[in-house]
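First up is the structure itself, then whatever we jot down about it.
Remember, predicted model here, so these are calculated numbers, not experimental data. Below, each value reflects all heavy atoms present in this structure, side chains not excepted, and no hydrogens, waters or symmetry copies.
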Amino acid sequence: MALTDARLVAVLDRTVASIDQILDVLATADVIDLKRRSCVLSAVDWPGTRGWNELSMNERADWWVTRVGAVTTTAVAFPGMFGVWARWLPIGGYLGVAGQALVLRAVSREYGVDTREAGVVMLGEILFKRDLSPVVAGLDDGGDPIVAPDADSVVEVTVGIGRTLYDLSSALGARPGPPAVARWASMVPLIGGPITYIGERIALRHAVDAGRRWIVEHPTTVKAPAVGH
């Protein structure tokens, strides 16, 4: 069955809602009790700390690419870190597309593009090469509630997002992927993991660059930045 625009919008709508809640958890979680240690907050750039508030808009966007992108890309390159899951689930494929979707949404929110409609259209265009703008009207008026994940369930929800996007159709092949040489070299023993990591980092950077171009081309989706950015 062909993947219709309406079906893709429905899936991406829930994907964006779930990603927003994951990002909210990451932005508010007290990682290793760091936020309780007021003496070091000024030197740390984790969301919610004093150091984060001092970052520019571009620096915040790059933080998501560098820090969160590194985690998801590592999981793609070394799926064995997920233990028994990797034996029967294409965990690398799941986290590859989930990581791109999560980082794209995080970067767009830092630039003031935070509506669900804009998020759906952006992910549809970059990950699926579909123009969904004619069928997204009304998404921001509400929808089915999503159960917000807590810090312990972020990985599970992220894998669920990746599985949903991965299983949609062969259209998933449109997402920015690693260079051909990296895909070939990834099959070579010993160097396969590191090469896959490099290839997926390149793919993520291509996705983020495409997202930034999308934002520039759709200025009406951007809210005015907060004072000081």
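Contact detail for E110 and R60: the closest heavy-atom pair is OE1-CD, 3.4 Å. For the pair Y111 and I215, the tightest heavy-atom approach, listed with the atom from each and the gap, is CD1-CD1, 3.9 Å. Shown here for G119 and V16, the closest heavy-atom pair between the two residues is C-CG2, 3.8 Å. Scanning all heavy atoms of the two residues, the minimum distance from V113 to A118 falls at CG1-CB, 3.5 Å. For V97 against G162, the heavy-atom pair with the smallest separation is CG1-O, 3.7 Å. For the pair V65 and L204, the tightest heavy-atom approach, listed with the atom from each and the gap, is O-CD2, 4.1 Å.
Counted by atom type alone, S133 and D131 present one or more donor-acceptor pairs between their side chains at under 3.5 Å.
Panel note: side chain T221, backbone H218; a donor-acceptor pair is recorded below 3.5 Å. A donor-acceptor pair is defined here as one N or O able to donate and one able to accept, closer than 3.5 Å; such a pair exists between the side chain of R105 and the backbone of D114.
The CG atom of L165 lies 7.0 Å from the CG atom of L127; values are rounded to the nearest 0.5 Å. Summarising the geometry, atom CD belonging to E125 is positioned 11.0 Å from atom CG belonging to L104; distances are rounded to the nearest 0.5 Å. Rounded to the nearest 0.5 angstrom, R109 CZ and L23 CG are separated by 4.5 Å.
Within the 4.5 Å cutoff, side-chain heavy atoms of V11 are placed close to those of R7. A 4.5 Å side-chain heavy-atom check between L132 and L8 finds at least one atom pair inside the cut-off. Taking 4.5 Å as the limit, every side-chain heavy atom of L123 sits out of range of all side-chain heavy atoms of Q100. Taking the side chain as every heavy atom from C-beta outward, W64 and V208 never approach each other to under 4.5 Å.
Among residues two or more places apart in sequence or in another chain, the salt bridge (charged side-chain N to carboxylate O under 4.0 Å, His left out) test is passed with R212 by D62.
Between R116 and D20 there is no salt bridge, since no side-chain nitrogen of the basic residue lies less than 4.0 Å from a carboxylate oxygen of the acidic one.
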Item to complete: Under the side chain to side chain contact (heavy atoms under 4.5 Å, CB included) rule, what do V25 and Q21 come out as? Steps first, then yes or no, please.
Response: CA-CA 6 Å; V25 169; Q21 292 174 326; 5.7 Å; no
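Under the side-chain contact (heavy atoms from CB on, under 4.5 Å) rule, L12 has a single partner from V120, T164, I19, V121, which is V120.
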